[in-house]
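Input: a single structure, listed below in structure tokens.
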Amino acid sequence: MQQTKVLVTGAGGFIGHALVSFLKARGYWVRGVDLKNPEYAPTQADEFELLDLRRWPDCLEATRGVDEVYALAADMGGMGFISAHHAEILHNNVLINTHTLEAARRNGVRRYLYTSSACVYPEYRQMETDVVPLREEDAYPAAPQDAYGWEKLVSERLCMHYRLDHGVETRIVRFHNIFGPLGTWVGGREKAPAALCRKIAYAKLTPDPMIEVWGDGEQTRSFCYIDDCIEGIYRLMRSDYHEPLNLGQDRMVTINQLATMIASIAGIDVTVRHVPGPQGVRGRNSDNTRLRAVLRWEPAISLEAGLAITYDWIESQVQAAGGMQDAGELVSHAG
Ligand code: NAD
């Protein structure tokens, strides 16, 4: 049988890099595309091209000769980034997704998986910490909090129409806060788990460990470990399900609880100082009813197990940075 050829966009990023390794281990021929090479480990892709997917010619180049596309490229980050760059995010991501999908169609790509986000869900359903878990149909009537979520919603619909009008087999996954090693941990685009791991790793080097958290820290989220995320993406791509599907854990914790768990993994007591800052919605959780029904599977790696691996990796990064002061005060979280 001929080897299936796939393109992973955003392959220099956190989830894309891990997906390339997963697909290589399953015998696929893989092309990775990104603006940058992976920062923390070499890619295992057969071919890795530095391209700017906002540009139409680059999208044609990226999608040539492949059977399937996993579209992960996006201009994105944690809450600090998302809440401060609306125009840039909407502009860049509309161009990336519109051009990549059309180029895939022109090049005869058969399957196309689009990575959407829990940020599509309306703010009015996420006003309490003890929030009702979000079902896929809750996305409408639409009222995402940020431009990031609006763009994801529009690109979901673009996928739907390309399937109906052009016959491209599209898949749409809505991630809920993916975390793990080899992801951005410093610089302003990092999300809550990585930011908290970094801050606690730096605090551990001081005699009186203290970290800052934006808001009162009572805002709630669920967090899904990278290995479960990759498994879920792959299962969805292989399925015949073409409606949007949540992919996340359905165990909700507060940001304060997350900080306590990481401090315990680090083996220290830490004082938390609450400071003003963007917090995103007040509460968010995934309803996994449809995920279980469609994929006959759901994420199983515990938050504690995932955080232990993530913290160890970030602590080693902090140590490698060698006595540098904590560069940022960001404790952001996915929208
Ligand atoms: P990431 O930022 O680590 O990876 C995205 C990659 O896209 C980056 O490497 C970036 O350089 C690349 N990119 C940006 N603009 C580009 C362009 N013009 N051309 C080519 N490449 C470009 O993010 P991630 O966490 O790996 O996220 C992957 C996908 O999953 C994204 O679509 C993101 O919106 C979505 N998502 C992630 C999460 C999460 O918790 N990580 C949650 C919801 C949705």
Side-chain angles (χ1 to χ4, degrees), residues 7-20 31-40 43 48-59 61-63 69-79 81-82 85 88-100 103 113-121 144 146-153 155-156 159 172-195 221-226 228-230 232-233 244-249 280 284 286 299 306 310 332-335:
L7 164 67
V8 176
T9 76
F14 169 47
I15 302 173
H17 174 74
L19 180 61
V20 167
R31 176 184 300 138
V33 164
D34 203 298
L35 287 173
K36 61 174 171 75
N37 286 301
E39 281 171 64
Y40 307 113
T43 185
F48 194 96
E49 292 189 81
L50 294 176
L51 296 170
D52 184 345
L53 296 172
R54 289 169 300 185
R55 300 184 59 238
W56 170 245
D58 289 30
C59 288
E61 162 95 8
T63 53
V69 173
Y70 292 84
L72 283 86
D75 190 0
M76 64 96 64
M79 201 58 229
F81 181 79
I82 285 176
H85 297 86
E88 176 193 319
I89 286 172
L90 190 48
H91 174 266
N92 288 344
N93 292 337
V94 162
L95 289 178
I96 291 169
N97 290 315
T98 306
H99 285 156
T100 308
L113 184 138
Y114 174 60
T115 51
S116 184
S117 166
C119 290
V120 299
Y121 290 111
D146 294 302
Y148 175 72
W150 279 106
E151 188 281 328
K152 290 287 188 196
L153 212 49
S155 291
E156 284 190 1
C159 288
I172 301 164
V173 63
R174 291 180 184 157
F175 294 144
H176 287 251
N177 295 325
I178 312 305
F179 75 99
L182 308 184
T184 302
W185 61 277
V186 71
R189 286 184 188 249
E190 64 280 12
K191 298 179 167 197
R221 294 292 186 277
S222 68
F223 297 94
C224 176
Y225 189 63
I226 182 74
D228 274 338
C229 168
I230 301 298
I233 295 176
L245 192 67
N246 283 333
L247 177 47
Q249 284 274 6
R284 174 176 289 158
S286 176
T310 308
S332 51
H333 52 80

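All heavy atoms count here, side chains included; hydrogens, waters and symmetry mates do not. Keep in mind that this is a model prediction, so the values were computed, not measured. Both ligands and their constituent atoms are indexed starting at 1 by order of listing.
- Using a 4.0 Å cut-off between heavy atoms, Ser116 contacts ligand 1 through its backbone alone, with no side-chain atom that close.
- Residue Arg174 does not touch ligand 1, judged by heavy-atom distances below 4.0 Å.
- Residue Ile15 has at least one N or O atom closer than 3.5 Å to an N or O atom of ligand 1.
- Distances between N or O atoms of Asp75 and those of ligand 1 include no value under 3.5 Å.
- Atoms of ligand 1 lying under 4.0 Å from at least one heavy atom of Gly10, given by number and element, are 6 (C), 7 (O).
- The side chain of Lys191, and not its backbone, has at least one atom closer than 4.0 Å to an atom of ligand 1 (non-hydrogen atoms only; side chain from C-beta on).
- Atoms of ligand 1 lying under 4.0 Å from any heavy atom of Phe175, numbered from 1 in the order shown and given with element: 30 (O), 35 (C), 36 (N), 37 (C), 42 (C), 43 (C), 44 (C).
- With a 4.0 Å cut-off on non-hydrogen atoms, Asp52 touches ligand 1 through its backbone as well as its side chain.
- Between Leu72 and ligand 1, at least one pair of N/O atoms sits closer than 3.5 Å.
- For atom 23 (O) of ligand 1, the choice among His99, Glu151, Met76, Glu49 with the nearest heavy atom turns out to be Met76.
- Between Thr43 and Asn37, the closest side-chain pair of non-hydrogen atoms is not below 4.5 Å.
- Listed by chain and residue number, Arg54, His91, His99 satisfy the side-chain contact (heavy atoms from CB on, under 4.5 Å) test with Leu95 (two or more places apart in sequence, or in another chain).
- With a heavy-atom cut-off of 4.0 Å, Arg189 does not touch ligand 1 at all.
- On a distance-only criterion, Ala71 and ligand 1 share no N/O pair closer than 3.5 Å.
- The shortest heavy-atom contact between Cys229 and Phe175 is SG-CE2, 3.6 Å.
- Proximity to Gly12 (heavy-atom distance under 4.0 Å) selects the following atoms of ligand 1: 9 (O).
- Interface atoms of ligand 1 facing Ala73, defined by a heavy-atom separation under 4.0 Å, are 7 (O), 21 (N), 22 (C).
- Residues Asp146 and Lys152 are not paired through a salt bridge, judged by the lack of any N-O separation under 4.0 Å between the basic side chain and the carboxylate.
- Heavy-atom proximity to Lys36, at under 4.0 Å, picks out these atoms of ligand 1: 9 (O), 11 (O).
- Residues Asp75 and Asn93 come closest through the heavy atom pair N-OD1, 2.7 Å.
- Taking distance alone, with nitrogen or oxygen atoms compared against 3.5 Å, Thr184 stays at or beyond that limit from ligand 1.
- In this structure, Leu51 is part of the shell of residues with a heavy atom less than 4.0 angstrom from ligand 1.
- From Ile82, atom CD1 reaches atom NZ of Lys191 across 6.0 Å, with rounding to the nearest 0.5 Å.
- Residue-level proximity to ligand 1 for Phe179 is absent, since no heavy atom of it falls below 4.0 angstrom.
- Looking at Val33 next to ligand 1, no N or O pair under 3.5 Å apart turns up.
- The nearest pair of heavy atoms linking Ala103 to Trp56 is N-CZ3, 3.5 Å.
- Each of the atoms 15 (N), 16 (C), 17 (C), 18 (N) of ligand 1 lies under 4.0 Å from some heavy atom of Ile96.
- Of all atoms in ligand 1, numbered sequentially from 1 with element shown, those under 4.0 Å from a heavy atom of Arg54 are 18 (N).
- Closest of all the heavy-atom pairs between Tyr114 and Glu156 is CE2-N, 3.9 Å.
- For the pair Tyr70 and Thr115, the minimum side-chain heavy-atom distance is 4.5 Å or more.
- Put simply, CG on Leu35 and OG1 on Thr9 are 10.5 Å apart, with the number rounded to the nearest 0.5 Å.
- Residue-to-ligand polar distances place Leu53 within reach of ligand 1: an N/O pair is separated by less than 3.5 Å.
- Shown here for Leu72 and Gly16, the closest heavy-atom pair between the two residues is CD2-N, 3.7 Å.
- Note that OG of Ser117 and CG of Asn246 are 10.0 Å apart. Values are rounded to the nearest 0.5 Å.
- Counting only distance, with no hydrogens or angles, the side chain of Asp58 and the backbone of Asp52 share a donor-acceptor pair below 3.5 Å.
- In the candidate list Leu247, Asp34, Leu35, Asp34 is nearest to atom 11 (O) of ligand 1, counting heavy atoms.
- The ring-ring contact (aromatic ring centres under 6.0 Å, His included) test applied to Tyr148 returns no partner, not counting sequence neighbours.
- Under a 4.0 Å heavy-atom criterion, His17 is not in contact with ligand 1.
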